Engineer: 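Here it is, the structure in full.
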Amino acid sequence: MDPLKALADAERKPYWLDTPARPEPLKRLIGNTRADLVVVGGGFSGLWTALMAKERDPGQDVVLLEGRRIGWAATGRNGGFCMATLTHGLPNGIDRWPQDIGRLERMGVENLDEIEQTLRRYDVDCSFERTGELHVATEPWQLDDLSGHLDLIRDLGLDYVPMDQEQVRAEVNSPTYLGGLWERSGCAMVDPARLAWGLREACLKVGVRIYERSPVRSLDDNGVTIDLRTPYGVARAARVALGTGVFPPLLKRLKHFLVPVYDYALMTEPMSEAQLASVGWHNRQGVGDSGNQFHYYRLTDDNRILWGGYDAVYYNGGQVKQEYEQRDETFVKLAGHFYDTFPQLSELSFTHRWGGVIDTCSRFSAFYGQAHGGRLAYAVGYTGMGVGATRFGANVMLDLLSGERTERTELAMVREKPIPFPPEPVRSGVIQFTRWSIAQADQHQGRRNLWLRTLDRMGLGFDS
Ligand SMILES: Cc1cc2nc3c(=O)[nH]c(=O)nc-3n(C[C@H](O)[C@H](O)[C@H](O)COP(=O)(O)OP(=O)(O)OC[C@H]3O[C@@H](n4cnc5c(N)ncnc54)[C@H](O)[C@@H]3O)c2cc1C
């Protein structure tokens with residue numbers, strides 16, 4: 001189908017949030033309150049922090065302040081790939097922390113197992129399916145990348161299955177596939193909005209006080225406690241955890257390390273049985289292709305296909321703006337790529353199109369830290385892979401606030417910071433040139449130009 005026609009009736013809003021299951025907003029913070037811990041941000045990061053704080057110590061008073069609605073931002077509009085990786089994928093982890101990679105992979109799988117157990121414990125229905133992820137190659141050079149770490153994968157005892165062209169097409173039938181690697185237990189598919197709302201329910205059940213539509217405008221340290229000021233009230237906290245993603249940070253130093261990158265997705269109408277049969281997909285894995293600019297796609301529980309990624313857009317000036325959540329140029333490109341991948345689905349059209357903002361940092365995996373004499377902790381910079389990893393980051397924040405030394409706090413990944421981005425306007429120039437170079441590499445068999453090779457050597461990059 002012509003992409004423009006296929007998009008003609010697509011709603012301009014995130015599919016996952018467009019449901020009557022979305023709970024009514026909770027009340028605003030009005031007046032003054034005190035708490036042992038105040039968590040700022042009602043995405044996965046803040047929700048996990050609040051829930052696990054109560055689980056660690058049910059006696060403490062925990063408040064969560066969300067500026068808008070629970071899960072409205074990246075948390076409620078992502079691909080729903082809930083991954084074990086804590087390092088934005090195995091290759092990035094091997095490059096940056098080779099000495100810790102075995103431990104990081106083990107901790108990541110434990111984190112994913114514990115997410116699954118938590119959902120069972122609180123009876124959260126978010127269509128959690130532990131299907132794994134199928135990494136597919138659509139160009140010959142990508143086959144080399146996929147087989148690059150097989151020895152280490154075997155040594156680490158990870159459950160990956162290499163596949164040739166015939167095997168991968170037997171899983172998901174696309175004429176574009178040349179081979180693949182099925183990471184079988186390291187990823188689950190979820191409905192991210194229902195996961196966020198389920199965590200919200202769990203938080204309320206254990207006694208977290210959640211205030212929505214309560215943006216924290218300022219943070220004042222008065223030596224012993226910290227005052228968090230919202231438009232209609234103040235929360236006085238003994239400890240503060242920031243799970244505020246890429247939004248203007250309450251801790252100024254964070255702005256040097258984070259840039260807002262917009263990622264876009266489409267949702268198709270549900271497939272008929274015949275259409276589903278034409279793609280196979282019996283094991284319902286999430287799928288990611290392997291270019292530097294990559295697509296991610298997956299089935300929903302009513303057999304729609306979510307199709308996203310490829311363009312990772314940085315808007316010069318680095319602002320977070322609602323108008324950036326729609327980008328027709330990208331939607332048309334994504335729709336065209338969808339039909340190239342699945343020509344047998346040429347009659348399928350799209351019901352939703354949307355974008356969301358990602359907290360990109362130069363090392364791609366989250367970074368952690370403390371301020372205000374150790375009474376405030378933060379975890380940000382998940383760079384497009386935070387659905388699962390935010391729970392690990394929440395545990396790191398709670399470890400740091402408690403002053404405990406744990407296996408998590410001793411990791412080099414937790415102790416080190418990424419390299420900061422240069423200030424604007426240099427920042428925009430550098431990022432746009434890097435994006436251009438990445439697109440060039442994809443068009444030239446993955447060959448990286450001098451600029452990308454220099455960044456690689458410095459451990460720097462741009463991703464989503
Ligand atoms: C289109 C898209 C697709 C993605 N796909 C995937 C995927 O498939 N798998 C994956 O792992 N990751 C994916 N991601 C990334 C993932 O969604 C994020 O890493 C994750 O949701 C981050 O959660 P968070 O809580 O840190 O941030 P957010 O979800 O951004 O939440 C931050 C919250 O903090 C609140 N806040 C900020 N400042 C304040 C303040 N001053 N006062 C009060 N509240 C404040 C905001 O309102 C917001 O609700 C995707 C992201 C996008 C946009």
Side-chain angles (χ1 to χ4, degrees), residues 36-37 39-41 43-58 60 62 64 82-90 92-119 121 156-158 185-188 199 203 239-245 251 254 257-258 359 361 363-418:
D36 299 308
L37 173 68
V39 178
V40 188
F44 288 136
S45 186
L47 289 162
W48 281 116
T49 308
L51 179 62
M52 293 193 299
K54 273 298 219 184
E55 289 182 331
R56 286 183 183 206
D57 177 1
Q60 69 176 319
V62 178
L64 187 153
C82 185
M83 290 180 251
T85 181
L86 304 174
T87 58
H88 202 271
L90 183 62
N92 190 48
I94 294 170
D95 285 352
R96 293 181 193 279
W97 300 288
Q99 73 288 2
D100 284 341
I101 193 64
R103 182 187 296 202
L104 287 165
E105 286 293 309
R106 170 184 53 76
M107 293 170 106
V109 173
E110 282 168 8
N111 184 57
L112 184 55
D113 290 343
E114 287 161 13
I115 290 175
E116 192 168 2
Q117 289 154 17
T118 309
L119 301 184
R121 191 160 65 249
L156 294 174
L158 301 175
S185 52
C187 185
L199 292 174
C203 281
R239 300 268 181 278
V240 174
L242 297 183
T244 48
L251 196 61
L254 297 184
F257 297 102
L258 292 172
D359 52 341
C361 71
R363 71 181 202 187
F364 315 146
S365 69
F367 60 97
Y368 316 87
Q370 279 174 287
H372 296 280
R375 283 172 290 130
L376 178 149
Y378 59 84
V380 286
Y382 292 93
T383 317
M385 285 199 199
V387 175
T390 40
R391 181 183 177 279
F392 178 87
N395 261 323
V396 172
M397 286 198 275
L398 294 173
D399 291 351
L400 292 172
L401 289 173
S402 74
E404 277 174 76
R405 286 171 66 151
T406 64
E407 187 182 19
R408 283 181 285 261
T409 61
E410 295 311 293
L411 290 166
M413 179 183 83
V414 169
R415 299 166 75 92
E416 294 166 358
K417 299 280 180 294

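Because the structure is predicted, anything quoted here is derived from the model rather than measured.
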Engineer: Measure the CD1-CG distance between I101 and N92 for me, rounded to the nearest 0.5 Å.
Structural biologist: 8.5 Å
Engineer: Checking E55 against R121 for the side chain to side chain contact (heavy atoms under 4.5 Å, CB included) test, could you report, in this order, the C-alpha distance in whole Å, the side-chain angles of both residues, the deciding distance, and whether it holds?
Structural biologist: CA-CA 12 Å; E55 289 182 331; R121 191 160 65 249; 3.0 Å; yes
Engineer: Check whether any side-chain N or O of D359 sits under 3.5 Å from a backbone N or O of L258 as a donor-acceptor pair, and report yes or no.
Structural biologist: no
Engineer: Taking all atoms of both residues into account, what is the closest heavy-atom pair of C361 and G381, and its distance?
Structural biologist: SG-O, 3.5 Å
Engineer: Give me each pair satisfying salt bridge (Lys or Arg N to Asp or Glu O under 4.0 Å) with a member in residues 385-401, each pair once, sequence neighbours excluded.
Structural biologist: R56-D399, E114-R391, D399-R408
Engineer: Tell me the closest heavy-atom pair linking H372 and L251, and the distance in Å.
Structural biologist: NE2-CD1, 4.2 Å
Engineer: Any donor-acceptor pair under 3.5 Å linking the side chain of E105 with the backbone of L158?
Structural biologist: no
Engineer: Mind running salt bridge (charged side-chain N to carboxylate O under 4.0 Å, His left out) on E410 and R103 for me, showing each step along the way?
Structural biologist: CA-CA 11 Å; E410 295 311 293; R103 182 187 296 202; over 6 Å; no
Engineer: Using side chain to side chain contact (heavy atoms under 4.5 Å, CB included), reason through L242 and V380 one step at a time and then give a plain yes or no.
Structural biologist: CA-CA 8 Å; L242 297 183; V380 286; 6.0 Å; no
Engineer: Would you compute the distance between atom CE of M52 and atom SG of C203 and round it to the nearest 0.5 angstrom?
Structural biologist: 10.0 Å
Engineer: Between CG of L411 and OH of Y368, what distance do you get to the nearest 0.5 Å?
Structural biologist: 8.5 Å
Engineer: Hey, could you give me the CZ/OG1 distance between F364 and T85, rounded to the nearest 0.5 Å?
Structural biologist: 12.5 Å
Engineer: Could you check whether any side-chain heavy atom of S365 comes within less than 4.5 Å of a side-chain heavy atom of W97, counting everything from C-beta outward?
Structural biologist: yes
Engineer: Do T49 and L64 touch side chain to side chain, with heavy atoms closer than 4.5 Å?
Structural biologist: no
Engineer: What are the two closest heavy atoms between G388 and N111, and how far apart are they?
Structural biologist: O-ND2, 2.9 Å
Engineer: Which heavy atom of Y382 sits nearest a heavy atom of G386, and at what distance?
Structural biologist: CB-CA, 3.8 Å
Engineer: Within the 4.5 Å heavy-atom criterion, are M107 and M413 side-chain neighbours or not?
Structural biologist: no
Engineer: Where do A53 and L37 come nearest, in terms of heavy atoms and distance?
Structural biologist: CB-CD2, 3.5 Å
Engineer: Can you see which heavy atom on C187 is nearest to which on M83, and at what distance?
Structural biologist: SG-CG, 3.6 Å
Engineer: Classify the angle between the aromatic ring planes of F367 and F257 as parallel (below 30°), tilted (30 to 60°) or perpendicular (above 60°).
Structural biologist: tilted
Engineer: Not counting sequence neighbours, which residues clear salt bridge (Lys or Arg N to Asp or Glu O under 4.0 Å) with D113? List them please.
Structural biologist: R130
Engineer: Hey, what do you get for CG (L86) to CG (D100), rounding to the nearest 0.5 Å?
Structural biologist: 11.5 Å
Engineer: Once rounded to the nearest 0.5 Å, what's the spacing between atom OG1 of T409 and atom CD of E404?
Structural biologist: 8.0 Å
Engineer: Report yes if some heavy atom in the side chain of M397 is under 4.5 Å from a heavy atom in the side chain of S45; otherwise report no.
Structural biologist: yes
Engineer: So, do E416 and R363 sit near enough that their side-chain heavy atoms are less than 4.5 Å apart?
Structural biologist: yes
Engineer: Is any side-chain heavy atom of T118 less than 4.5 Å from a side-chain heavy atom of L51?
Structural biologist: yes
